[in-house]
K.L.:
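Before I ask anything, let me first share the structure, which is written out below as structure tokens.
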Amino acid sequence: MRAFVALIKREYLEHRGAFIYGPMLLLALGSLAAIYGVFGTDFRGEFSGSLPTVLRFYETAFALGAAGWLVYLIIMLFFYYGDAFSADSRNNSMLFWKSMPQSDLKIFASKVAASLTVFPTAILLALAITGVIAYLPTVIASNFLGGFAPPTLGDTLSAWFNIMVSAIVLFAIALLWYLPFLAWVGLLGTIFKRWAIPLAFLIPAVIGLFERVVMRNILQEGAFWSFITQRFELRFEDLDFEGYWLAGQPWNGLELATLMLAGIDWIQLVGGVAVAVILVYAASEYRRRYILT
């Protein structure tokens, strides 16, 4: 168990630039942009005498920030899987970790574990700070804008808590939903190394094109391509985030979490996780048999 934790720590140390330093830089730029938006722009003529509260705008900004950080996390993990599954063989550190000894499957499992725990936690911490940054402009603006009332501290903390709860559930579901796609990139990274990322798109595209040729209808999507495109879209049955926002009700994190858990296609999610396990195992077997042996 200690060796497995050490492997996860190694992944954190080797890839903290994308998941720690990158978000820190983005948060610093966001803070500067928020402060400049307050002091560098004159809002007096536009907002004076209106907007009894801006709680809804705070919730909207925070929720959009959560969506943005989720997209950032998925993109970074895509490149992480494309690189991490072959990085050991490039710098010979794999020989060191084999001397412990640790199996290739355990090494790959540590990479997957890091991508599902340590790295998302770092992004969620960045999201929590984003909630503070989203409130700063309203506090500063209330000092000089007539008729402009920022939300109370209690309302803000309640909104922050509810959005964080819903974001944690959304992040967890999204990570498991996209895990087979990430594992696919990891398998290609093990075999083709730095060519994994373009091949991750090229191979399915070629299969989809071949399917159209076989069907003798280049304009009609085949079953494979239709499944891939539908599977790539994360959807929740009976839940429309835009409609939920337009309803005007306060953000309820527990209610949203329940709706997401009830609306996800659990069969596809569990099946996707099973496919990811198979792909990671296949990658470990390939590396055990053909790389540095």
K.L.:
Taking side chain to side chain contact (heavy atoms under 4.5 Å, CB included) as the definition, give me every residue that meets it alongside L187, ordered by chain and number, with sequence neighbours left out.
P.N.:
I191, L279, A282, A283

K.L.:
Could you walk me through whether I228 and I207 pass the side-chain contact (heavy atoms from CB on, under 4.5 Å) check?
P.N.:
CA-CA 11 Å; I228 290 297; I207 295 176; over 6 Å; no

K.L.:
Output all residues satisfying salt bridge (Lys or Arg N to Asp or Glu O under 4.0 Å) with E255, sequence neighbours left out; order by chain, then residue number.
P.N.:
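By the salt bridge (Lys or Arg N to Asp or Glu O under 4.0 Å) rule, E255 matches no residue at all.
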
K.L.:
Any link between I278 and L116 through a network of hydrophobic side chains (Ile, Leu, Val, Met, Phe, Trp, Tyr) touching at under 4.5 Å?
P.N.:
no

K.L.:
Answer yes if F62 and L125 sit in the same cluster of Ile, Leu, Val, Met, Phe, Trp and Tyr residues linked by side chain heavy atoms under 4.5 Å apart, and no otherwise.
P.N.:
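No, F62 and L125 fall in different hydrophobic clusters.
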
K.L.:
With sequence neighbours excluded, tell me which residues meet side chain to side chain contact (heavy atoms under 4.5 Å, CB included) with L153.
P.N.:
L157

K.L.:
Would you please name every residue forming a side chain to side chain donor-acceptor pair (under 3.5 Å) with T117, sequence neighbours left out?
P.N.:
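Applying side chain to side chain donor-acceptor pair (under 3.5 Å) to T117 gives none.
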
K.L.:
Can you list the residues that meet the side chain to side chain donor-acceptor pair (under 3.5 Å) rule with T60, with sequence neighbours excluded?
P.N.:
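T60: side chain to side chain donor-acceptor pair (under 3.5 Å) contacts with W245.
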
K.L.:
With heavy-atom distances below 4.5 Å as the criterion, would you say the side chains of L188 and I203 are in contact?
P.N.:
yes

K.L.:
Please check if L64 and Y72 belong to a single hydrophobic cluster, counting links between Ile, Leu, Val, Met, Phe, Trp and Tyr side chain heavy atoms closer than 4.5 Å.
P.N.:
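As far as the 4.5 Å side-chain criterion goes, Y72 and L64 are not connected within one cluster.
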
K.L.:
Could you pull out all donor-acceptor pairs under 3.5 Å where a side-chain atom in residues 164-171 meets a protein atom, sequence neighbours excluded?
P.N.:
residue: S166; atom: OG; partner: N162; partner atom: O; Å: 3.2
residue: S166; atom: OG; partner: I163; partner atom: O; Å: 2.9
residue: S166; atom: OG; partner: W251; partner atom: NE1; Å: 3.2

K.L.:
What distance do D104 atom CG and K106 atom NZ have between them, rounded to the nearest 0.5 Å?
P.N.:
12.5 Å

K.L.:
Does N252 have any side chain to side chain donor-acceptor pair (under 3.5 Å) partners at least two apart in sequence or in another chain, and if so, which?
P.N.:
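Partners of N252 by the side chain to side chain donor-acceptor pair (under 3.5 Å) criterion come out as none, since no residue qualifies.
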
K.L.:
Among residues at least two apart in sequence or on other chains, which ones pass side chain to side chain contact (heavy atoms under 4.5 Å, CB included) with K9?
P.N.:
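Residues passing side chain to side chain contact (heavy atoms under 4.5 Å, CB included) with K9: L13.
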
K.L.:
How close do A84 and K111 get, heavy atom to heavy atom, and via which atoms?
P.N.:
O-NZ, 3.1 Å

K.L.:
Determine yes or no for a side-chain-to-main-chain donor-acceptor pair under 3.5 angstrom, with S158 supplying the side chain and G154 the backbone.
P.N.:
no

K.L.:
Pairs of donor and acceptor atoms involving the side chains of residues 19-30, under 3.5 Å and at least two apart or interchain, shall be tabulated with distances.
P.N.:
none

K.L.:
What's the separation between atom CG in L124 and atom CG in L73, rounded to the nearest 0.5 Å?
P.N.:
8.0 Å

K.L.:
Measuring from atom CE of M260 to atom CD of E237, what distance do you get when rounded to the nearest 0.5 angstrom?
P.N.:
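So the gap between those two atoms works out to 15.0 Å.
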
K.L.:
Step through the shown structure and confirm whether more than 12 heavy atoms of other residues, nucleotides or ligands are within 6.0 Å of CZ on F4.
P.N.:
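Buried by this count: over 12 neighbours within 6.0 Å.
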
K.L.:
Identify, with sequence neighbours excluded, every residue that meets side chain to side chain contact (heavy atoms under 4.5 Å, CB included) alongside A114.
P.N.:
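If we apply the side chain to side chain contact (heavy atoms under 4.5 Å, CB included) test to A114, skipping adjacent residues, the hits are I8, E11, Y80, F119.
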
K.L.:
To the closest 0.5 Å, what do you measure between CH2 (W69) and CD1 (I129)?
P.N.:
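Those atoms lie 9.0 Å apart.
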
K.L.:
Rounded to the nearest 0.5 Å, what's the gap from CE on M76 to OG on S115? Could you check?
P.N.:
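One finds 14.0 Å between CE of M76 and OG of S115.
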
K.L.:
Side-chain donor-acceptor contacts of residues 264-276 below 3.5 Å, not counting sequence neighbours, with atom names and distances?
P.N.:
residue: D265; atom: OD1; partner: I267; partner atom: N; Å: 3.2
residue: D265; atom: OD1; partner: Q268; partner atom: N; Å: 3.3
residue: D265; atom: OD2; partner: Q268; partner atom: NE2; Å: 3.4
residue: W266; atom: NE1; partner: L261; partner atom: O; Å: 2.7
residue: Q268; atom: OE1; partner: R231; partner atom: NE; Å: 3.4

K.L.:
Quick one: closest heavy-atom pair of G65 and L127, and the distance?
P.N.:
C-CD1, 3.9 Å

K.L.:
I would like to know whether L256 and L239 meet side-chain contact (heavy atoms from CB on, under 4.5 Å); could you show each step before the answer?
P.N.:
CA-CA 9 Å; L256 267 177; L239 176 58; 3.8 Å; yes

K.L.:
Could you tell me if T156 and Y58 have a donor-acceptor pair between their side chains, going purely by distance under 3.5 Å?
P.N.:
no

K.L.:
Which pairs count as salt bridge (charged side-chain N to carboxylate O under 4.0 Å, His left out) when at least one residue sits in residues 275-285, sequence neighbours excluded?
P.N.:
E285-R288, E285-R289

K.L.:
Please report the interatomic distance NZ(K193) to CG(L199), rounded to the nearest 0.5 Å.
P.N.:
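K193 atom NZ to L199 atom CG measures 12.5 Å (nearest 0.5 Å).
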
K.L.:
Determine the sole option in F201, Y178, F181 for which the ring pair (Phe, Tyr, Trp, His ring centres under 6.0 Å) test with F78 is passed.
P.N.:
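Only one option passes, and that is F201.
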
K.L.:
Under a 3.5 Å distance rule, please check whether W160 uses its side chain to pair with a backbone N or O of A128 as donor and acceptor.
P.N.:
yes

K.L.:
Would you say F236 has more than 12 foreign heavy atoms packed within less than 6.0 Å of its CZ?
P.N.:
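Count over threshold, so yes.
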
